[in-house]
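Residue numbering restarts at 1 for every chain, and letters A, B, ... go by the order of the sequence lines.
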Amino acid sequence: DAGVIQSPRHEVTEMGQEVTLRCKPISGHNSLFWYRQTMMRGLELLIYFNNNVPIDDSGMPEDRFSAKMPNASFSTLKIQPSEPRDSAVYFCASSLVSANTGELFFGEGSRLTVL
Amino acid sequence: GDSVTQMEGPVTLSEEAFLTINCTYTATGYPSLFWYVQYPGEGLQLLLKATKADDKGSNKGFEATYRKETTSFHLEKGSVQVSDSAVYFCALKGGGATNKLIFGTGTLLAVQP
């Protein structure tokens with residue numbers, strides 16, 4: 001079975017440009033999480049959705065960040081405009097809400113570099 | 001709020017050495033506790049978990065015991081291998097119907113032959 005699929009795997013862009021990261025969760029999973037990983041701050045939860053509805057976006061750094069989940073098989077994380085401090089690895093993870101086990105299935109991440 | 005604190009790395013060991021990575025937590029109620037592992041270039045994957053006090057999670061030779069009295073969940077392995085080199089994350093899940101996890105900052109383990 002396919003796992004969580006993220007794209008692009010690597011993105012290099014210039015400050016001020018718009019960045020869109022994409023995620024396809026595991027089929028049948030109804031909970032989706034966006035995390036950001038940096039050396040300084042570790043792994044931070046940005047936002048998560050249950051059944052395509054945003055539940056907690058308190059980790060979204062500022063208005064430059066936005067996330068959508070238009071359907072059960074696709075989510076985007078957008079940064080506009082991007083800044084060098086946004087450079088990080090962004091992970092998407094999915095799970096089954098009903099399982100309530102705490103097991104998240106992670107994608108391989110999107111490494112973003114903002115120059 | 002809930003939080004997880006784990007020892008800073010890197011931890012460098014020789015093959016077959018004993019491993020301990022410390023993890024303590026702060027949480028209201030009775031959280032579930034987890035260890036996730038991240039191999040180079042990959043996403044995180046669940047290594048083991050414990051859902052209540054005194055539970056011991058184990059997998060691939062790794063173990064961790066949920067200690068409520070010391071609010072700890074230390075990861076141990078009796079004999080590490082080069083293939084165990086990775087970043088290890090301690091995490092907690094609060095109560096309620098959510099799989100939201102709070103992660104520690106991660107500990108890099110490097111095992112030398």
Side-chain angles (χ1 to χ4, degrees), chain A residues 1-7 9-10 21 23-26 28-51 53-60 88-111, chain B residues 1-10 21-25 27 29-52 55 57 59 64 66 73 86-109:
Chain A
D1 289 339
V4 174
I5 299 172
Q6 292 187 243
S7 64
R9 291 294 310 278
H10 302 274
L21 307 178
C23 175
K24 177 179 168 57
I26 291 173
H29 282 186
N30 54 3
S31 197
L32 184 140
F33 302 78
W34 282 102
Y35 283 88
R36 177 172 69 175
Q37 183 180 33
T38 61
M39 289 291 291
M40 292 296 295
R41 301 171 71 93
L43 203 60
E44 303 171 277
L45 177 64
L46 300 178
I47 185 171
Y48 79 95
F49 298 82
N50 282 350
N51 297 308
V53 176
I55 302 300
D56 182 354
D57 66 355
S58 59
M60 295 287 263
V89 180
Y90 291 80
F91 286 102
C92 176
S94 71
S95 71
L96 266 175
V97 175
S98 59
N100 201 23
T101 59
E103 182 167 10
L104 303 186
F105 295 82
F106 282 78
E108 295 182 324
S110 294
R111 180 176 295 277
Chain B
D2 295 351
S3 66
V4 174
T5 302
Q6 59 183 106
M7 64 188 287
E8 289 190 20
I21 300 178
N22 291 337
C23 171
T24 57
Y25 67 90
Y30 303 97
S32 295
L33 301 173
F34 306 83
W35 279 99
Y36 276 75
V37 59
Q38 182 183 28
Y39 297 105
E42 299 183 9
L44 283 73
Q45 57 186 274
L46 179 64
L47 179 60
L48 54 84
K49 68 178 184 181
T51 57
K52 62 183 187 297
D55 268 2
N59 186 24
Y66 187 163
F73 193 55
V87 181
Y88 292 82
F89 291 88
C90 186
L92 72 80
K93 171 185 168 321
T98 173
N99 283 324
K100 173 183 172 180
L101 296 182
I102 305 298
F103 286 91
T105 52
T107 302
L108 173 63
L109 169 65

> If you take all heavy atoms of B:Y25 and B:P31, which pair is closest and at what distance?
Replying inline: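 Residues B:Y25 and B:P31, closest heavy atoms: CE1-CG, 3.8 Å.
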>> For B:L48 versus B:F73, what's the shortest heavy-atom pair and its separation?
In response: CD1-CZ, 3.7 Å
>> Taking side chain as everything from C-beta outward and backbone as N, CA, C, O, which of these in B:K49 sits under 4.5 Å from a heavy atom of chain A? Side chain, backbone, both or neither.
In response: side chain
Chain B heavy atoms under 4.5 Å from [X]: which part of the residue, side chain, backbone, both or neither?
| X | result |
| --- | --- |
| A:R9 | side chain |
| A:E44 | neither |
| A:F105 | neither |
| A:L43 | both |

> Should A:L46 and A:Y90 be marked as a side-chain contact (heavy atoms from CB on, under 4.5 Å) after you check the CA-CA gap, both sets of side-chain angles, and the distance that decides it?
Replying inline: CA-CA 10 Å; A:L46 300 178; A:Y90 291 80; 4.0 Å; yes
>> At a heavy-atom distance under 4.5 Å, which candidate from A:S95, A:A93, A:C92 has the highest pair count against chain B?
In response: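 Looking at each of A:S95, A:A93, A:C92 in turn, A:S95 comes out on top.
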>> Over 60° means perpendicular and under 30° means parallel, so tell me whether B:Y36 and B:F34 are parallel, tilted or perpendicular.
In response: tilted
> Got a second to check how far A:W34's CH2 is from A:D57's CG, nearest 0.5 Å?
Replying inline: 15.0 Å
